[in-house]
Structures are given as structure tokens and as C-alpha cells.
Amino acid sequence: QQILLEEWRARRLISDQEYEQARQTTISPRLPQPEMPQIARAFTRHVINQMITALGRQRVERGGLRIITTLDYDLQNQLTCALRTQLLRLEDQMPATGLPDDANCKTASLLPTIITGGRVFPTELQGSTVVLDLSGGEVLAMLGDTSVLGERETLSPHDPGSLLTPFVAVAAFGRGLSPSSLLWDVPQNIPANLEEFQPPEAEYHGPLRLRTAIANDYLTPVAKLLVDMGAFNVWRTSQAFGLPDFSRSPNPEALLYGGGKVTILEIAQSYATLANQGRQVGKASATSKSEGTESSPQRPSEILWVEDLT
């Protein structure tokens, strides 16, 4: 302090009176505040990005806003613990029926036993998940890309894969099929352009019901059904549930095996529509049309209200 004051007085940046006043002032250094543990990192970043879109980056960075969100703190902690437990089991760092030491992690006890069948899963697995309130579409808990080391802020889109099979079934119901309709899980049903995805011979199951194929991720009969109905038609139908337009994908017939990108929020919204028997909940998307006959797409809501404290 003394060195800086003498230098400023020598350079006539301060007067002698200011020098004397400053020299007699005792400076108490402010200790850094302890870092608070972060929860719901992806949810927080998602909410901030929405506020930037609505109010502009400059207004958000200026602060003075109180943002009331839909997040349920206790449920978020339970979801975090349950996902971490499942990842530890998959990476063989915990027994298949093991539970965390945290006695408060009650949700982990509801996880099913993992039956690997001799398969070895890769290390550094990641998962993401979201819990929606079906009555209003509010996000109650959400985890972005999460590993056993913790959650990242990102909410990256991923290949949906077999998560799309229920929407193939919905399209089939519109064409007269039912959950009990007979399908064939046999090598001959692999479409010609999907032969690279053919499973081993032992993994075919012969005649089975449509509901059985969907519940067990038997992709060969579902892929055959998708090709027979026309992938373009099926994916255009799935848009009504909140999914992106997969009909424009380079290979729409292979989306059950890979390709296409969707976020966990988009897939959760589409499954919520299924659970609500076709009724979408949430708030209107920013891309909704103000005119026309098409219904406005909905998306999950995360913000209840915002208060300006400035």
C-alpha cells in the first residue's frame, strides 16, 4: 500500500492531502468466499441461455434478476445419485445390486439389477436424464452429460437409436396394426440397405408380438415395419410429438440403429406426449407459427417467473 501511494504521489496522480488520508487508512483484505457445490449445472446453463435469448446477454450479465425455476431440489439430488449409481454399476465399479453409501439416496434402491449377459461396457460412460411433470410440462429435475466424476454444463444432442421405436409403433397403429400384431424377427426380414446392422444369428426370436419387440428392443422386425410403412411418413408423423424432422436425415431408414440428433429434453417431451395420450403440455416453442393451420409445437418449461430487483 505504502509503495503504491508514494508512486502515485510522485507521479502527481494524487494530492498530498489524499496521500495522507490514504496512508492512515487501514486496508482489510477480503478473503475469497468458499466455493459452493454446484448442482443442476446443465439445467442452470439452459435457463441462463433462455434468459439471454429473451432479454439479451448484456441485461443478464448486468445481474439484478431473481429467476424462479421449476427445479425440485430434492428430486434433483435423488436423480443425480441414481444416475451415478447406475454408471458405477455399468463400469463394474460397484456390484450389480450395490447401493451408494449415502443413506439419503433412496432412489438408487429402485434401480433394476443389471444383467450384462457377459457383455463388457466401455469405461467413461455418460448418461443424461430429465423428469417432467406430465400435468404441465415443467422440468422438475435434469442432468446433462454426466459421468461418475460429475455433471457437465452441456446438454448435447445424441443419436436416439431405439428410443424411436415407440413412434414407429404409433405410426403402425394408424395403419390398422395393434400391440398384439404378429411380427417376425428373422434374418430374412433385414431390409437390404440395413444388412450391416444384422445381429448375430442367436439373437433372432422368430414370431412375436409388436409390443414384445418394442419392449425388448428387437430392432429387426421394427426396422422392417419402418421400411414397409415408409420412413419418410413415419418420421413426419413423429414430429407431432415434438421430435425433430428426421425425414430429412441422410438415411432415415437406419435411424433405429444410429444417426439423427436429439436432446434429452426433446425426447422427454415426445414421451410425455405419449404418456398424455397425444396431448402436448409445456409452453409454446419460440419457433411456433403465429399463423396457419398447424398446431404450435410445445416444449418443456423451466422458468416460472422473473423478478427485476434493480
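Reckoned from all heavy atoms, side chains included, excluding hydrogens, waters and symmetry mates. In this text, all values refer to a predicted model and were calculated from it rather than measured experimentally.
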Linked, directly or transitively: Met229 and Leu194 (ILVMFWY side chains, under 4.5 Å): yes
Within-4.5 Å side-chain heavy-atom neighbours: Phe232 and Pro252: no
Steps toward side-chain hydrogen bond (donor to acceptor under 3.5 Å, both in side chains) verdict (Gln269, Gln298): CA-CA 8 Å; Gln269 172 71 7; Gln298 305 288 309; over 6 Å; no
Donor-acceptor contact below 3.5 Å, side chain Arg84 vs main chain Val148: yes
Donor-acceptor contact below 3.5 Å, side chain Asn189 vs main chain Asp185: no
Test side-chain contact (heavy atoms from CB on, under 4.5 Å) applied to Leu210 and Leu182, step by step: CA-CA 6 Å; Leu210 173 56; Leu182 182 65; over 6 Å; no
Heavy-atom check, side chain of Val306 versus side chain of Ile68, under 4.5 Å: no
Listed partners of Glu307 passing side-chain hydrogen bond (donor to acceptor under 3.5 Å, both in side chains), at least two apart: Arg66, Trp305
More than 12 heavy atoms of other groups within 6.0 Å of Leu309 CG: yes
Donor-acceptor under 3.5 Å (Glu302 side chain, Val47 main chain): no
Check: Ser147 main-chain N/O paired with Glu124 side-chain donor or acceptor under 3.5 Å: no
Spacing of Thr70 atom OG1 and Asp133 atom CG [to the nearest 0.5 Å]: 9.0 Å
Output field: ring centroids Phe246/Phe167 closer than 6.0 Å: no
Distance, nearest 0.5 Å, that separates CZ of Phe197 from OG1 of Thr220: 11.5 Å
Nearest heavy atoms of Pro191 and Ala223, plus distance in Å: CG-O, 4.2 Å
Flag side-chain contact, heavy atom, 4.5 Å: Glu153 against His46: no
In one Ile/Leu/Val/Met/Phe/Trp/Tyr side-chain cluster, 4.5 Å: Val130, Tyr271: yes
Joint cluster assignment, Leu274 & Val168, ILVMFWY side-chain distance < 4.5 Å: yes
Shared hydrophobic cluster for Ile67 and Leu71 (ILVMFWY, side-chain gaps under 4.5 Å): yes
Arg12 atom CZ, neighbour heavy-atom count above 12 within 6.0 Å: no
Between CZ on residue Arg62 and CG on residue Leu55, distance to nearest 0.5 Å: 9.5 Å
Name of the residue among Asp217, Leu226, Leu163 meeting side-chain contact (heavy atoms from CB on, under 4.5 Å) with Leu256: Leu226
Residue pairs involving residues 222-247 (criterion side-chain hydrogen bond (donor to acceptor under 3.5 Å, both in side chains); sequence neighbours excluded): Lys224-Asp228, Arg236-Gln239, Asp245-Ser247, Asp245-Arg248
Polar side-chain atom of Gln280 near backbone of Ala240 as donor-acceptor pair, under 3.5 Å: yes
Donor-acceptor contact below 3.5 Å, side chain Gln198 vs main chain Ile190: no
Candidate pair Phe43 and Thr69, rule side-chain contact (heavy atoms from CB on, under 4.5 Å), full reasoning: CA-CA 10 Å; Phe43 180 86; Thr69 72; 3.7 Å; yes
Flag side-chain contact, heavy atom, 4.5 Å: Leu164 against Val262: no
Main-chain N/O of Thr263 paired to Glu266 side chain as donor or acceptor, under 3.5 Å: yes
Other ILVMFWY residues reachable from Ile14 by side-chain steps of under 4.5 Å: Leu4, Leu5, Trp8, Leu13, Tyr19
Spacing of CZ belonging to Arg209 relative to OG belonging to Ser181, to within rounding of 0.5 Å: 8.5 Å
CA sep, side-chain torsions, deciding dist, call: Arg9, Glu6, salt bridge (Lys or Arg N to Asp or Glu O under 4.0 Å): CA-CA 5 Å; Arg9 184 175 65 169; Glu6 291 178 355; 5.8 Å; no
Pairwise side-chain contact, Arg152 with Thr146, heavy-atom cut-off 4.5 Å (strictly under): no
Output side-chain donor-acceptor pairs under 3.5 Å for residues 136-144, partner residues at least two apart or in another chain, one line each.
none

For Ala213 against Leu208, the heavy-atom pair lying closest together: CB-CD1, 3.6 Å
Gln58, CD: over 12 other non-hydrogen atoms inside 6.0 angstrom: no
Sidechain-backbone polar pair: Asp308 side chain, Thr310 backbone, donor-acceptor under 3.5 Å: yes
Smallest separation among heavy atoms of Asn276 and Leu134, with atom names: ND2-O, 3.1 Å
Val281-Val131 co-clustered via ILVMFWY side chain contacts under 4.5 Å: no
His205 NE2 to Leu183 CG distance, which is reported to the nearest 0.5 Å: 13.5 Å
Donor-acceptor contact below 3.5 Å, side chain Asp159 vs main chain Gly161: no
Nearest heavy atoms of Lys261 and Pro160, plus distance in Å: N-CD, 4.5 Å
Residues forming a side-chain hydrogen bond (donor to acceptor under 3.5 Å, both in side chains) with Ser156, sequence neighbours excluded: Asp145
Closest approach of Leu83 to Ser128 (non-hydrogen atoms, all atoms of both residues): CD2-N, 4.3 Å
pair Leu88-Thr85: side-chain heavy atoms closer than 4.5 Å: no
Test side-chain contact (heavy atoms from CB on, under 4.5 Å) applied to Leu265 and Arg299, step by step: CA-CA 8 Å; Leu265 277 177; Arg299 65 177 181 83; over 6 Å; no
Thr44 (side chain) donor-acceptor with Ala40 (main chain) under 3.5 angstrom: yes
Summary of side-chain hydrogen bond (donor to acceptor under 3.5 Å, both in side chains) pairs that have at least one residue in residues 71-80, sequence neighbours excluded: Gln78-Thr107
Approximate separation, where rounding is to 0.5 Å, of Ser135 OG and Arg279 CZ: 8.0 Å
